[in-house]
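Keep in mind that the numbers below use all heavy atoms, side chains included, and drop hydrogens, waters and symmetry copies. None of the values given here were measured: they were computed from a predicted structure.
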Amino acid sequence: MKLTILGGGGFRVPLVYGALLTDRAEGRVTEVVLHDLDAGRLSAVGRVLAEQAAAVPDAPTVTTTTDLDEALRGADFIFSAIRVGGLEGRAEDERVALAEGVLGQETVGAGGIAYGLRTVPVAVDIARRVARLAPDAWVINFTNPAGLVTEAMSRHLGDRVIGICDSPVGLGRRIARVLGANPDEAWIDYVGLNHLGWVRGLTIAGRDELPRLLADPDLLGSFEEGKLFGVDWLQSLGAIPNEYLHYYYFNREAVRAYQHAEKTRGAFLADQQARFYDEVGAPGAKALDVWDRTRAEREATYMSENRETAGAGERDADDLSGGYEKVALALMRAIARDERTTLILNVRNQGTLSVLDHDAVIEVPCLVDANGAHPVSVAPLPDHATGLVCSVKAVEREVLAAARSGSRAAALKAFALHPLVDSVNVARRLVEGYTSVHPGLAYLN
């Protein structure tokens, strides 16, 4: 089975390959093709993968290419993990937004809109090529903003594109662990959009244990989200939000923390990864050791400004192991081998949330089999969550309209309608700022 990874020179690719090395079953991946526009990054990641595979018999073969069509032809599965504009583009997204006093995070607020406007045209081109060159392939989308990009691609690939994120899975596992349960035996009632969802229940052996957690202040305050959001707020909500909702519920504090940080997250990662690629390219470098050390630093500093704002302290060791590669491989195995499973995924709504239309991509539990991912029926969201979901989905639709038509007016509308942008005039300055620094937005007129 052939797996193509778009963005194959990306830093997190070794996580995926490492997971593939442990899969010894029939119908496993035997060929991995890495595609990237940067041959130097491909070479560096290829060295890390070679060291990972050194002691593994029958490891999947790895080839690299900068030719997109070559990478897509004959693929059974395609992981799309591209970053249009690179980490330098992410840093610019943050800088322009923070200069206007609004959030520049890569998936939330102004930064997410700018990233989406750059990424959607490229993702749509990829989707069209997949439909032409590998019509039977399944596309698993890692690319942020994951829900928005998945929806853009689904207009050309239908349900053969599925978006993934490890945030809901990590949240569910943390809740299960603090309740003393096996996370693999828990049913997680999670509903929303990517990076905008809530755990409303966690059922173990037929019993919803979330009320027990919400009623116990000590237990509730003992894990990441309890520290991040505060016990009183979680009890008021009656649910556990995805960590990214901290940007909404504590927006003023988050913006202030990012404005006073020594570096934005994008700037930090740009510098860190530049060092990584330089070190791996040095004569005699142990590529895998360099990658392991860099990854540990990356994980430990994740959302550090938010945790500092909340007084949440350092991340727990159990939260530093990542997980998106496990979700991706579980999804791929379920489809390829018809190993039925349940995963929280980004898929077309298909009537699951009545407040959104059929084609809106949402993030919910799905039953997965050889025919793809099928969203599970869920109860309606409470009014406060419905308002946020509908508002952000409306913004995503304006981003899609702008990317399709090149309409600067639609782009302005996307910024102005976002709940975290507080003025049409700020939105106008954001559009001016982003189009002046990103050549990839030259299509807006």
Novice: Please examine the side chains of Leu98 and Val255, heavy atoms only from C-beta on, and report whether any two atoms are closer than 4.5 Å.
Specialist: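 Yes, side chains in contact.
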Novice: If I take atom CG from residue Leu34 and atom CG from residue Leu42, how far apart are they, to the nearest 0.5 angstrom?
Specialist: 6.0 Å
Novice: Looking just at side-chain N and O atoms, do Tyr247 and Tyr258 make a donor-acceptor pair shorter than 3.5 Å?
Specialist: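 Yes, Tyr258 and Tyr247 have a side-chain donor paired with an acceptor closer than 3.5 Å.
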Novice: Using the rule given for side chain to side chain contact (heavy atoms under 4.5 Å, CB included), can you reason through Phe276 versus Arg293, listing the C-alpha separation, both sets of side-chain angles and the distance that settles it, and then say yes or no?
Specialist: CA-CA 9 Å; Phe276 162 74; Arg293 184 177 70 251; over 6 Å; no
Novice: Measuring only between side-chain heavy atoms, which start at C-beta, is Thr66 closer than 4.5 Å to Asp36?
Specialist: no
Novice: Quick check for you: to the nearest 0.5 Å, what is the distance between Asp292 atom CG and Glu51 atom CD?
Specialist: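 The CD atom of Glu51 is 10.0 Å from CG of Asp292, to the nearest 0.5 Å.
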Novice: Looking at every heavy atom in both Trp138 and Asp159, which two are closest together, and how far apart are they?
Specialist: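 Nearest pair, atom of Trp138 first, then Asp159: CZ3-O, 3.3 Å.
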Novice: Flag the pair Arg408 and Glu432 as a salt bridge only when some basic side-chain nitrogen lies within less than 4.0 angstrom of an acidic carboxylate oxygen.
Specialist: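 Looking at Arg408 and Glu432, the cut-off is met.
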Novice: Can you confirm whether Lys2 is buried at NZ, in the sense that more than 12 heavy atoms of other residues, nucleotides or ligands lie under 6.0 Å from that atom?
Specialist: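 Yes, the 6.0 Å shell around NZ holds more than 12 heavy atoms from other groups.
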Novice: If you take all heavy atoms of Phe11 and Arg295, which pair is closest and at what distance?
Specialist: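 The pair with the smallest heavy-atom distance is CZ-N, 3.5 Å.
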Novice: Heavy atoms only: give me the nearest Ile188-Pro365 pair and the separation to one decimal.
Specialist: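 Result for this residue pair: O-CG, 3.4 Å.
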Novice: Can you find a pair of side-chain heavy atoms, one from Leu103 and one from Asn251, that are under 4.5 Å apart?
Specialist: yes
Novice: Using the rule given for side chain to side chain contact (heavy atoms under 4.5 Å, CB included), can you reason through Tyr244 versus Leu196, listing the C-alpha separation, both sets of side-chain angles and the distance that settles it, and then say yes or no?
Specialist: CA-CA 7 Å; Tyr244 281 82; Leu196 191 79; over 6 Å; no
Novice: Verify side-chain hydrogen bond (donor to acceptor under 3.5 Å, both in side chains) between Glu297 and Gln272, making sure each step is shown before the conclusion.
Specialist: CA-CA 9 Å; Glu297 180 187 30; Gln272 185 203 50; 2.9 Å; yes
Novice: Apply the test side-chain hydrogen bond (donor to acceptor under 3.5 Å, both in side chains) to residues Thr107 and His195: give CA-CA distance (whole Å), side-chain angles for both, the deciding distance (0.1 Å), then the verdict.
Specialist: CA-CA 8 Å; Thr107 62; His195 291 178; 2.8 Å; yes
Novice: How many angstroms lie between NE2 in His35 and CG in Asp67, if you round to the nearest 0.5 Å?
Specialist: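 His35 NE2 to Asp67 CG: 7.0 Å, rounded to 0.5 Å.
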Novice: Is Arg337 salt-bridged to Asp23, going by a charged N under 4.0 Å from an acidic O?
Specialist: yes
Novice: Taking the six-membered ring for Trp, are Trp233 and Tyr249 closer than 6.0 Å centroid to centroid?
Specialist: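 Yes - the distance between ring centres of Trp233 and Tyr249 falls below the 6.0 Å cut-off.
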Novice: Keeping the roles fixed (side chain from Thr119, backbone from Gly116), state whether a donor-acceptor pair exists under 3.5 Å.
Specialist: no
Novice: Look up atom CG in Leu148 and atom OG1 in Thr143, then write down how far apart they are to the nearest 0.5 Å.
Specialist: 11.0 Å
Novice: Ion pair present between Glu224 and Arg174, side-chain N to carboxylate O less than 4.0 angstrom?
Specialist: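 Judged by the 4.0 Å cut-off on N to carboxylate O distance, Glu224 and Arg174 do not form a salt bridge.
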Novice: Are the charged groups of Asp184 and Arg173 less than 4.0 angstrom apart, N to O?
Specialist: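 Yes, this pair counts.
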Novice: With distance as the sole test, does Gln52 use its side chain to make a donor-acceptor pair with the main-chain N or O of Pro14 at under 3.5 Å?
Specialist: yes
Novice: Can you list the steps and then say if Arg47 with Ser43 is a side-chain hydrogen bond (donor to acceptor under 3.5 Å, both in side chains)?
Specialist: CA-CA 6 Å; Arg47 284 193 287 275; Ser43 177; 2.9 Å; yes
Novice: Which one of Arg265, Arg83, Arg118 satisfies the salt bridge (charged side-chain N to carboxylate O under 4.0 Å, His left out) criterion with Glu106?
Specialist: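 Going through Arg265, Arg83, Arg118 one by one, the salt bridge (charged side-chain N to carboxylate O under 4.0 Å, His left out) with Glu106 is satisfied by Arg83 alone.
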Novice: Is there side-chain contact between Leu420 and Val108, with at least one heavy-atom pair below 4.5 Å?
Specialist: yes
Novice: Can you find a side-chain donor-acceptor pair between Thr150 and Asn141 that sits under 3.5 Å?
Specialist: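 Yes, because at least one side-chain N or O of Thr150 sits under 3.5 Å from a partner of the opposite role on Asn141.
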Novice: Hey, could you give me the CD1/CG distance between Ile240 and Asp189, rounded to the nearest 0.5 Å?
Specialist: 12.5 Å
Novice: Without swapping roles, check the side chain of Arg160 against the backbone of Ala137 for a donor-acceptor pair under 3.5 Å.
Specialist: yes
Novice: Determine whether Lys263 and Asp271 make a side-chain contact, defined as any pair of heavy atoms from C-beta on separated by less than 4.5 Å.
Specialist: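 Lys263 reaches Asp271 side chain to side chain.
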Novice: So do the side chains of Arg129 and Arg132 get within less than 4.5 Å of each other, counting heavy atoms only?
Specialist: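 Arg129 reaches Arg132 side chain to side chain.
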Novice: Indicate yes or no: does Arg90 engage Glu94 in a salt bridge with an N to O separation below 4.0 Å.
Specialist: yes
Novice: Check the pair Leu353 / Val191 against side chain to side chain contact (heavy atoms under 4.5 Å, CB included), numbers first and verdict last.
Specialist: CA-CA 9 Å; Leu353 282 180; Val191 186; 3.7 Å; yes
Novice: Closest approach of Gly7 and Val13, non-hydrogen atoms and distance?
Specialist: O-CG2, 3.7 Å
Novice: What orientation do Trp198 and His384 show, parallel under 30°, tilted 30 to 60°, or perpendicular over 60°?
Specialist: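 Ring orientation of Trp198 relative to His384: perpendicular.
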Novice: Where do Trp291 and Leu15 land on the side chain to side chain contact (heavy atoms under 4.5 Å, CB included) test, with the steps shown first?
Specialist: CA-CA 10 Å; Trp291 179 80; Leu15 290 171; 3.7 Å; yes
Novice: Determine the minimum heavy-atom distance between Gly112 and Pro145, stating which atoms define it.
Specialist: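 Taking every non-hydrogen atom into account, O-CG, 3.6 Å.
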Novice: Check step by step if salt bridge (Lys or Arg N to Asp or Glu O under 4.0 Å) holds for Asp338 and Arg333.
Specialist: CA-CA 7 Å; Asp338 201 15; Arg333 282 194 296 265; over 6 Å; no
Novice: Could you state the interatomic distance from CD1 (Ile162) to SG (Cys366), rounded to the nearest 0.5 Å?
Specialist: 7.5 Å
Novice: Looking at side-chain heavy atoms only, is the closest gap between Leu3 and Val33 below 4.5 Å?
Specialist: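 No. Closest side-chain heavy atoms not under 4.5 Å.
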Novice: Where the side chain of Lys393 meets the backbone of Val361, is there a donor-acceptor pair that is under 3.5 Å apart?
Specialist: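 At least one qualifying donor-acceptor pair exists.
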Novice: Locate the shortest heavy-atom distance separating Ala330 from Thr341; write the atom from each residue and the value.
Specialist: O-CG2, 4.5 Å
Novice: Among Glu396, Glu363, Glu151, whose side-chain hydrogen bond (donor to acceptor under 3.5 Å, both in side chains) with Asn194 holds?
Specialist: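 One option only clears the test, and that one is Glu363.
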Novice: With a 4.5 Å heavy-atom cut-off, do Leu400 and Val120 have their side chains touching?
Specialist: yes
Novice: What I want to check is whether the side chains of Asp93 and His438 have a donor and an acceptor closer together than 3.5 Å.
Specialist: yes
